[in-house]
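I have placed the structure first, in the form of structure tokens, so that the comments after it can refer back to it.
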Amino acid sequence: MKAFIAALALATAVPATAHAAAAPDPVAAVRALLARNAGVTLEFLGNTGTDLFWQNDATREQISGGVGLKGTGKLQLGATGVTASEITRVVQLSGQVLMKQEAAKGDAYFAGLLKSAGTTRMISTKGWLYHLLPKARTWLRTGRAGGGAAAYGDQIINVLEPATLAKLLSTADRSSVTPWHKNRTTGRNQRIYTRSGTITLKELYRVSPTFREAAGTSAVGTDEIWWQYLYDDRGLPDRLVWHFQTTTKADSIGLGDNRIRSVRLVTRFWNWQAKVSITAPKATPGRGPAVDEITDILRADDRPR
């Protein structure tokens, strides 16, 4: 994970126009990955900040509520997109005493969030979603789901959907490209292209089947998220970052009736290969957790007043 964090500091970039003639087509590259049923390994790191805060004016002691998450996983692609996914996800909570106070008031979201602490494994394959919950020893088959369901509850932008990627890139307002350099993992000489911009949740919901499945029928609103997409000189996905932050504007509120004030998630893709092995575990039918992923905030009930 330290190497992953260090990799976020890319080599000094130069304007993309300097290499415009040789720039790859990232959308065509994704279509080629789907056509050859590629597999990929991924890792992710992120955090969310809530509006829960307490301060002792006398001692200046402060407590704030938030979520830190990290994990690894793998995806199998097919002609229709992500056909199977598997992740291991670790959640750490800060300010649990504040979350417990909200849960005691009847806030089901924070009550569910408290149960998510620890390590959860998820697999989605052949139309079913499976959970191995924190401290559990038995897998649960928790419901019908698409192949990407295990991996796309935190990462709301699926760049492995060509239409979604094309829409995302159309909103870019900045771009750059690194000089040629050696990949520390593979030893391959490469350069990395970076595009960034903003897109609204409503625009994303309209174009992305994966995000529609994750968000359900909830009204996602028109909040804007900042994104950054990195791909190599072959057009292959390298890294994806998205960030949400409330502003000081009077009409700016957080996600889930102001529960979540900020979110940041970084996903790194590596080791593109012909195929990965993702199989359904032995499991018993059961109910999945009410809250275990970032997108669950979009379906949260109004807060108790």
Side-chain angles (χ1 to χ4, degrees), residues 1 44-56 61-73 86-124 129-143 145 149-156 214-216 218 220-221 223 242-246 253-267 283-305:
M1 188 60 71
F44 55 92
L45 182 69
N47 59 76
T48 68
T50 73
D51 68 342
L52 303 182
F53 180 80
W54 173 87
Q55 175 175 297
N56 185 317
E61 178 187 5
Q62 295 181 345
I63 301 175
S64 58
V67 179
L69 63 96
K70 62 181 179 179
T72 59
E86 178 178 350
I87 67 161
T88 298
R89 181 179 185 268
V90 181
V91 171
Q92 293 181 315
L93 303 179
S94 59
Q96 291 192 48
V97 62
L98 301 180
M99 296 179 187
K100 289 177 181 178
Q101 291 173 358
E102 295 300 303
K105 297 175 185 177
D107 193 315
Y109 174 77
F110 282 114
L113 189 60
L114 286 164
K115 297 177 182 179
S116 71
T119 300
T120 298
R121 293 184 63 192
M122 299 172 63
I123 293 175
S124 51
L129 178 62
Y130 303 85
H131 281 83
L132 183 63
L133 300 175
K135 300 181 181 179
R137 295 184 178 180
T138 303
W139 282 87
L140 298 176
R141 191 183 70 188
T142 54
Y152 285 96
D154 294 317
Q155 180 53 269
I156 66 175
S218 57
V220 297
D223 287 305
W242 72 273
H243 175 66
F244 167 81
Q245 178 74 51
T246 55
I253 62 172
L255 303 175
D257 201 8
N258 210 36
R259 293 178 180 90
I260 301 299
R261 302 285 291 175
S262 65
V263 184
R264 180 177 176 82
L265 189 74
V266 183
T267 300
T284 58
R287 179 174 296 181
V291 178
D292 68 333
E293 297 170 302
I294 292 174
T295 52
D296 291 326
I297 190 63
L298 300 174
R299 295 191 294 269
D301 294 334
D302 292 340
R303 301 182 79 166
R305 303 299 182 187

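Side-chain atoms are counted along with the backbone in the values below, which use heavy atoms only and exclude waters and symmetry mates. Since the structure is predicted, the reported quantities are computational estimates derived from the model, not experimental observations.
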Using a 3.5 Å distance criterion without hydrogens, assess whether the side chain of [X] forms a donor-acceptor pair with backbone atoms of [Y].
X	Y	result
Asp107	Ala103	no
Ser94	Gly66	yes
Ser64	Phe53	no

Spacing of [X] atom [atom1] and [Y] atom [atom2] [to the nearest 0.5 Å]:
X	Y	atom1	atom2	value
Ile294	Ile260	CD1	CD1	8.5 Å
Leu255	Arg261	CG	CZ	10.0 Å
Asp302	Arg259	CG	CZ	7.5 Å
Gln62	Gln55	CD	CD	4.5 Å
Ile156	Leu298	CD1	CG	7.5 Å

| task | Show your working on side-chain contact (heavy atoms from CB on, under 4.5 Å) between Lys70 and Leu45 and close with a plain yes or no. | result | CA-CA 4 Å; Lys70 62 181 179 179; Leu45 182 69; 3.8 Å; yes

| task | Assess whether side-chain contact (heavy atoms from CB on, under 4.5 Å) is satisfied between Leu265 and Leu69, documenting all intermediate values. | result | CA-CA 9 Å; Leu265 189 74; Leu69 63 96; 3.6 Å; yes

| query | Which residue pairs pass the salt bridge (charged side-chain N to carboxylate O under 4.0 Å, His left out) test with at least one member in residues 93-105, sequence neighbours excluded? | reply | Glu102-Lys105, Glu102-Arg303

| query | Which residue pairs satisfy the salt bridge (charged side-chain N to carboxylate O under 4.0 Å, His left out) criterion with at least one member in residues 284-298, sequence neighbours excluded? | reply | Asp296-Arg299

| remark: Looking only at heavy atoms, the pair that brings Phe44 and Asp154 closest together is CE1-OD2, 4.4 Å

| With sequence neighbours left out, what residues match Leu98 under side chain to side chain contact (heavy atoms under 4.5 Å, CB included)? | Leu52, Trp54, Ile63, Gln101

| query | With sequence neighbours excluded, what pairs up with Leu129 under the side chain to side chain contact (heavy atoms under 4.5 Å, CB included) test? | reply | Met122, Ser124, His131, Thr142, Ala145, Ala149, Ala150

| Any side-chain hydrogen bond (donor to acceptor under 3.5 Å, both in side chains) pairs touching residues 110-123, not counting sequence neighbours? | Glu86-Arg121

| Residues two or more places apart in sequence or in another chain: which of them pass side chain to side chain donor-acceptor pair (under 3.5 Å) with Tyr109? | none

| message | When you compare the side chain of Thr284 with that of Leu140, does any pair of heavy atoms fall below 4.5 Å? | response | yes

| What do the steps show when you test Trp242 against Val263 for side-chain contact (heavy atoms from CB on, under 4.5 Å), and what is the final call? | CA-CA 8 Å; Trp242 72 273; Val263 184; 3.5 Å; yes

